[in-house]
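Some notes on the structure that comes next.
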Number of protein chains: 2
Amino acid sequence: MKIDPSSSANLSAQIAKAIRDSIISGALIVDQRLPSEAELADQFEVSRPTVREALKRLAAQSLIRTQRGATGGAFVNKLSFEEAYPQQITTSTLLLSMNAVSFETACEARYALERSCAPLSAQRRSADHLATMRAEIHRQGQPGLTDEAFCASDVAFHRALVDGAGNPVLSYQLAGAVEAMQPLMNMITFSARDRARIIELHTQLADALEAHDASGADTTLAELEHYTTNLARSVMEKRQKTT
Amino acid sequence: MKIDPSSSANLSAQIAKAIRDSIISGALIVDQRLPSEAELADQFEVSRPTVREALKRLAAQSLIRTQRGATGGAFVNKLSFEEAYPQQITTSTLLLSMNAVSFETACEARYALERSCAPLSAQRRSADHLATMRAEIHRQGQPGLTDEAFCASDVAFHRALVDGAGNPVLSYQLAGAVEAMQPLMNMITFSARDRARIIELHTQLADALEAHDASGADTTLAELEHYTTNLARSVMEKRQKTT
DNA sequence: CAAACATTAAATGTAAGACATATGAAAATT
DNA sequence: AATTTTCATATGTCTTACATTTAATGTTTG
């Protein structure tokens, strides 16, 4: 069924790949139980620890789940959007921090993607999404809010906007782009005037979505992008002067 | 440094999480060597196989790489966009196939995202990107091309469009959306007339990008989405009739 | 007879020790 | 001085063993 070319090295990686390919190709279907570790060890002619290492690799990608006990074993996991979010966010975050992606580049990507959701969100947003956005706007206006909390609320606001499009695939893709920006955003200090302006734009955005006004939402998002980029630039410049 | 609450179970998952968090927080930086497996086993007070399972989990996410030999060990890996692509594509593909995402939903997401790249691509596309697109258009016109090869060329064409935006973050996000569509697209049979129309739109798209015409590219993409969706719908209906 | 309890078997989770193998660095040889 | 050999150290793998979880089975008891 799934053979293993007796090539060079890294048996556990090879075994993991063989099983992963079987899942992707559909040979192994959701909730199907894999053979026990001992059986897999026999099948691939390796030891049980090696099989276990392979299974852990797959578990790390949420491709399988394991259960202990009599009827336990490894089962093909139904990969849900909820499960995939954290991985997507972790990967995106590390990609940005490890590759020295500039704030401009990340910001441009984020707003480009978000603007692609705006027309759909203007059309389909539910009252729930609007309520979440209004609630976050309200929170952003609270006095004594830390910069980090302000950023977190900003993320929640924008995720509600994206979710309003009612397309899980879009929400999944956007989660990475929006959340991965947070560490970069956290480097910014938001003055009271900055916050007021951002809240103003957020309100404008929520109003546009409430009125099913796609082009208004798009325009506001463009302004928001412009404002955020300039804000980051001025913060960077100021920081460079002091050092 | 990285402690392990002596809670319930799944030691290897806990250890993996501890190390992963250290990488995300920046306590472990790129190319830094982790302690040897034996040292980690001492540190966490577990056995070496357990440590190894944890390391394999991290290796599966490309967070570390291992080297054998005297100066070997586990090193924090610099996660590159190139490395992240395949994982992103695998996850996106499985998400679509396991969650019964409709063709319409996937298609809508894909084109929404792609349209967000169009203005940037119209502005920045290099001669190289244009050449790739023209080459793929030419391939799509070859007689005797299988449906699968046509789809593969379609993917290559659209990836060139996306890459033309010159934003690696966008390219990364889009790779998942575009490539994950391929299994769905492969279910479609493209008649000669369909192909001709698609090639026509592709040409129009390349022309618009060459002329730095953002709105023209956007309009064409909208038409392409419309055409693809309708095509899929009619294929599905025809298939339902015969059964 | 039925419900509560104890037993058992099968599976994963963990541990310990051993050997194989790769690889760079130091030591020995030419 | 250049080359070869040796060696220490690390991961890769195997073997065996025991712990733990869990459901099914068997047993006892009201």
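Just so it is clear: chains get the letters A, B, ... in the order the sequence lines come, proteins before strands, and each one is counted from 1. Worth saying up front: this structure is predicted, and the values here are computed from it rather than measured.
- Protein atom CD of Gln67(A) is 18 Å distant from nucleotide atom P of dA10(C), rounded to whole Å.
- Along DNA chain D, the nucleotide closest to Gly72(B) and the one closest to Ala70(A) are compared, and the more 5′ of them pairs with Gly72(B).
- Residue Arg65(B) is out of contact with every strand shown, counting any heavy-atom pair closer than 4.0 Å.
- Ring geometry for Phe190(B) against Phe150(B) counts as tilted: the plane angle lies between 30° and 60°, on a 0 to 90° scale.
- The backbone N or O of Ile29(B) lies less than 3.5 Å from a partner atom in the side chain of Gln32(B), making a donor-acceptor pair.
- Regarding Phe44(B), its CZ atom lies at a distance of 16 Å from the C1' atom of dT14(C), rounded to whole Å.
- Thr105(A) places a side-chain heavy atom less than 4.5 Å from the side chain of Pro168(B).
- A donor-acceptor contact under 3.5 Å is not formed by the side chain of Arg68(B) with the base of dT23(C).
- Projected onto DNA chain D by closest heavy-atom contact, Gly69(B) and Glu45(A) fall at different nucleotides, the more 5' of which corresponds to Gly69(B).
- Close to dC14(D), at under 4.0 Å from its OP1 or OP2, lies a side-chain N or O of Ser47(A).
- With hydrogens and angles left out, the side chain of Arg48(A) and the base of dG13(C) share a donor-acceptor pair within 3.5 Å.
- Between the CG atom of Leu55(A) and the C1' atom of dT13(D) there is a distance of 16 Å, given to the nearest Å.
- Distance Glu37(B) CD to dG12(D) C1': 8 Å, rounded to the nearest Å.
- In this entry the distance linking CG of Asp42(B) with P of dA15(C) reads 12 Å, nearest Å.
- Gln61(A) and Glu83(A) share no donor-acceptor pair across their side chains, judged by distance under 3.5 Å alone.
- Distances shown here put a side-chain N or O of Thr50(A) below 4.0 Å from the OP1 or OP2 atom of dC14(D).
- The side chain of Arg52(B) places no N or O atom within less than 4.0 Å of a non-bridging phosphate oxygen (OP1 or OP2) of dT11(D).
- Atom C1' of nucleotide dA10(D) and atom CZ of Arg33(B) are separated by 7 Å, given to the nearest angstrom.
- Taking atom CG on Leu40(A) and atom P on dG13(C), their separation rounds to 13 Å, with Å as the unit.
- Under the 6.0 Å distance and 45° angle rule, Arg159(A) counts as a cation-pi partner of Tyr85(A).
- Note: CZ (Arg57(B)) to C1' (dG13(C)) measures 11 Å, nearest angstrom.
- A close approach under 4.0 Å does occur between a side-chain nitrogen or oxygen of Thr66(B) and OP1 or OP2 of dG12(D).
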